[in-house]
Amino acid sequence: MTRDRATNIVSSVYAALIFGFIFLPVIVLVLFSFQDGRLPVPPFNGFSLQWYEAVFADRKLMSALLHSFFVATLSSLVACLLGFLAAYALARFKLPGSAWQRGLLIAPMTVSYLIIALGLLTVLNVLGIALSLWTVGIGHVVINLPLCFAIIYSSMGDHHINIERAARDLGASDLKVMALVTAPMLLPSLLASFFLSMTFSWDEFIIAFLLSRFDVTLPVEIWSLLRSGLNPKTNAIGSLVFLVSVILLVVLELFLFGRTKKS
Amino acid sequence: MAAVSLEDTERRKAWGFVAPALVWTLVFFVAPFLFMVAMSLWAQQGGSIVRVWNFGNYIAFFEKDALFRGLTNSLEITAIVTVLSILLAYPLAWIIAERVPKKYQRTALILAILPFWTSYVVRSYSWLLVLARNGVINQTLINIGVITEPLELASNRTATVIGFVHFFVMLLTLTIYANLVQLSPNYRRAAADLGANAFQTFWHVILPLTMPGIMTGAFLTFVLCIGDYVTPQILGGNNELVLPQIIMLQLGRRADFPMAAALSIILMLAVTAAYVACARWLKIERT
């Protein structure tokens, strides 16, 4: 009993220390985003919302935020749709070389984002295609398509086949089966892959940095803010991004959790 | 997965469904990658790319110390980060799996990985707030009178390692926890019945059984750490450049695309080597 208690005490202390380490930078970030002064470092001068006002008044940051939202939504939709179609084809039809196709679709997951970005950049450069938010979006579909495909493919259980067959026997076309039967049955994993790829795209830096030019996404705009050194405004925008990510995460958790409960 | 065998029209339809994803991957991933491999064998001369095939960039990499140091710096930092992260994450994963009541485990786990979701760029910046000359640690130490002059905690390798370890402790806690909760309590009971003490049980039973979780996490750590540009750039300063920083320098300052391509291929080879080394434990699904 005493030994168990000792283990408990050591465990609690250890957990507290590691949690402290994990949360330290986030707490400092959020705390000093309310700093009433020009430097986001101790001493804490008092509570102020001026830096949040500064963020919302910053036209460049606000347009970057919109760009990020636009790129994340559109690229996730495309990745989800392509992933779903491919997963449907590979799970429901016998295609030659399907193992190779799956390997090919998953492959970008194993390559660092820097290399994917560089590959696209060199080709765009040679073809003379101008960099824009569209090229960033293309890159984000490349990194998120494997994820969407893998999630959706793994949830395409055999038990759905008979339901689909029944729908077909009742005269539904393939597209109708897919849109009205398969997709609703797979809704949790479709939503999970959509929101997961949104969080990845929303926060992705290196592809957005290398493949954008005049219109940039939020992480790239934050990156250029960093050049001005420590600044409470950076804290404020950072805290806001964290808040958005946590909200996305909660949404995701609800859908994933709903799914695990069912199975 | 069971699939219905089909006639030609059906098969054509199936190709139609899978084609968009395949074409996207081929056009925007495979083709650019192959092009980059080709480009790594060309050269940059006087501001334009000369399409002469040779291994000049790779030879230069091994001959120029400034370039080669990038790889060794990357490997050293990645190795330190991976080992430290495993050592710190394992006990936490164990505590969450074994000591926290079942009801609160999910909450504890979500809390343990919450800062994972701060912005990628902001996460490194927030360590700067902690480590800077006038940052939280220095101010605290000065206030309690431990030091009189601020310590140089940022802009060096230690800062890079701290930033990385912070990120990967969360990742590894997740993979190791996932592995730990799958273990049946019977293993422990059996080991105890056979006379093993707590340490022996851990060392000979639990640890080997959680190796897949450790290796999956270690591999992810290796891949993400060695390929990252942001953390070393923000926290590491410009003293000991890692490979991604050198790649970005080739691009930004010198516009030397062939050299950047060659360095990227070398980066990828390092990751492949790590994969081969961990492959035994990384059972990547092949259904």
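Chain identifiers are assigned alphabetically (A, B, ...) following the order of the sequence lines, protein sequences preceding nucleic acid strands; residue numbering begins at 1 within each chain.
- B:Val18 pairs with exactly one of A:Leu90, A:Leu82, A:Leu85 by the side chain to side chain contact (heavy atoms under 4.5 Å, CB included) rule, that one being A:Leu90.
- B:Phe17 contributes atom CZ, which lies 12.0 Å from atom CZ of A:Arg92 (distance to the nearest 0.5 angstrom).
- Here the OG1-CG distance, from B:Thr118 to A:Leu29, works out to 8.0 Å after rounding to the nearest 0.5 Å.
- Ranked by heavy-atom pairs shorter than 4.5 Å toward chain B, the options A:Asn231, A:Val246, A:Leu218 are led by A:Asn231.
- The contact between B:Phe257 and chain A is made entirely by side chain atoms (from C-beta outward), counting heavy-atom distances below 4.5 Å.
- Nearest heavy atoms, A:Pro96 versus B:Trp15: CG-CZ2, 3.9 Å.
- Between A:Thr110 and B:Tyr275 there is no side-chain heavy-atom pair separated by less than 4.5 Å.
- Residues B:Pro244 and A:Leu114 come closest through the heavy atom pair CB-CD2, 3.8 Å.
- Only the side chain of A:Asp174 comes within less than 4.5 Å of a heavy atom of chain B; its backbone N, CA, C and O stay farther away.
- Contact count against chain A (heavy-atom pairs under 4.5 Å) is highest for B:Pro115 among B:Ala108, B:Pro115, B:Gly227, B:Pro20.
- Contact annotation for A:Ala150: neither backbone nor side-chain heavy atoms come within less than 4.5 Å of a heavy atom of chain B.
- The most heavy-atom pairs under 4.5 Å with chain A, out of B:Leu128, B:Thr173, B:Leu111, B:Leu263, come from B:Leu111.
- In this structure, A:Ser11 and B:Trp94 have side chains that are in contact, with non-hydrogen atoms separated by less than 4.5 Å.
- Residue B:Leu88 comes nearest to A:Tyr14 through the heavy atom pair O-OH, 2.7 Å, listed as atom of the first residue, atom of the second, then distance.
- Between the CD1 atom of A:Ile22 and the CD1 atom of B:Ile113 there is a distance of 9.5 Å, given to the nearest 0.5 Å.
- When heavy atoms are compared at a cutoff of 4.5 Å, A:Phe19 approaches chain B solely by way of its side chain, counted from C-beta outward.
- No donor-acceptor distance shorter than 3.5 angstrom exists from the side chain of A:Tyr113 to the backbone of B:Leu224, with no hydrogens or angles considered.
- Interface remark: B:Leu251 contributes side-chain atoms only to the contact with chain A (heavy atom separation under 4.5 Å).
- Side-chain contact between A:Leu24 and B:His166: absent, with no pair of heavy atoms (C-beta onward) separated by less than 4.5 Å.
- Proximity to chain B is limited to the side chain of A:Val111, based on heavy atoms less than 4.5 angstrom apart.
- Taking every heavy atom of both residues into account, A:Pro108 and B:Thr25 meet most closely at CG-CG2, 4.0 Å.
- Interface check for chain A: of the options B:Val223, B:Val271, B:Leu26, B:Val230, the most heavy-atom pairs under 4.5 Å are formed by B:Val230.
- Side-chain contact between A:Val141 and B:Phe28: absent, with no pair of heavy atoms (C-beta onward) separated by less than 4.5 Å.
- Annotation: maximal heavy-atom pairing with chain B below 4.5 Å, among A:Phe23, A:Tyr88, A:Phe32, occurs at A:Phe23.
- The aromatic ring centres of A:Trp223 and B:Tyr229 sit less than 6.0 Å apart.
- Note on B:Ala261, B:Pro91, B:Gly252, B:Gly16: by heavy-atom pairs under 4.5 Å with chain A, the leading option is B:Pro91.
- The part of B:Val30 that comes within reach of chain A is its side chain, from C-beta onward, which places non-hydrogen atoms under 4.5 angstrom from that chain.
- Atom CD1 of A:Ile18 is separated from atom CE of B:Met170 by 11.0 Å, given to the nearest 0.5 angstrom.
- For B:Gln233, the part lying near chain A is the side chain, with the backbone staying farther off; criterion is any non-hydrogen pair under 4.5 Å.
- With a threshold of 4.5 angstrom between heavy atoms, B:Ala132 approaches chain A through side-chain atoms but not through N, CA, C or O.
- Using a 4.5 Å cut-off between heavy atoms, B:Ile247 touches chain A through its side chain atoms alone.
- Residues A:Leu230 and B:Leu129 form a side-chain contact, since some pair of their non-hydrogen atoms from C-beta on lies under 4.5 Å apart.
- Annotation: maximal heavy-atom pairing with chain A below 4.5 Å, among B:Phe29, B:Phe116, B:Phe33, occurs at B:Phe29.
- Interface remark: B:Val136 contributes backbone and side-chain atoms alike to the contact with chain A (heavy atom separation under 4.5 Å).
- In terms of heavy-atom pairs under 4.5 Å with chain A, the best-connected choice from B:Ala89, B:Ala19, B:Ala112 is B:Ala112.
- Taking each heavy atom of B:Phe35 and A:Val126 in turn, the nearest pair found is CZ-CG2, 3.5 Å.
- Ranking A:Asn235, A:Ile143, A:Val241, A:Ile237 against chain B, the residue ahead of the rest is A:Asn235, based on heavy-atom pairs under 4.5 Å.
- To the nearest 0.5 angstrom, B:Ile234 atom CD1 is 5.0 Å from A:Leu226 atom CG.
- For A:Leu81, no part lies under 4.5 angstrom from a heavy atom of chain B.
- Between A:Ala86 and B:Ala21, the closest heavy-atom pair is CB-CB, 3.7 Å.
- Within the 4.5 angstrom heavy-atom criterion, only side-chain atoms of A:Phe209, from C-beta onward, approach chain B.
- Looking at A:Ser12, neither its backbone nor its side chain comes within 4.5 Å of chain B, counting heavy atoms on both sides.
- Across A:Leu145, A:Ile222, A:Val26, A:Ile138, the residue that shares the most heavy-atom pairs under 4.5 angstrom with chain B is A:Ile138.
- When heavy atoms are compared at a cutoff of 4.5 Å, A:Leu17 does not approach chain B at all.
- Looking at heavy atoms from C-beta onward, A:Leu225 lies out of side-chain contact with B:Tyr125 at the 4.5 angstrom threshold.
- In this structure, chain B has no heavy atom under 4.5 Å from any part of A:Val244.
- Atom CG in A:Leu118 sits 9.0 Å away from atom CE in B:Met39 (nearest 0.5 Å).
- With a threshold of 4.5 angstrom between heavy atoms, B:Ile162 approaches chain A through its backbone and through its side chain.
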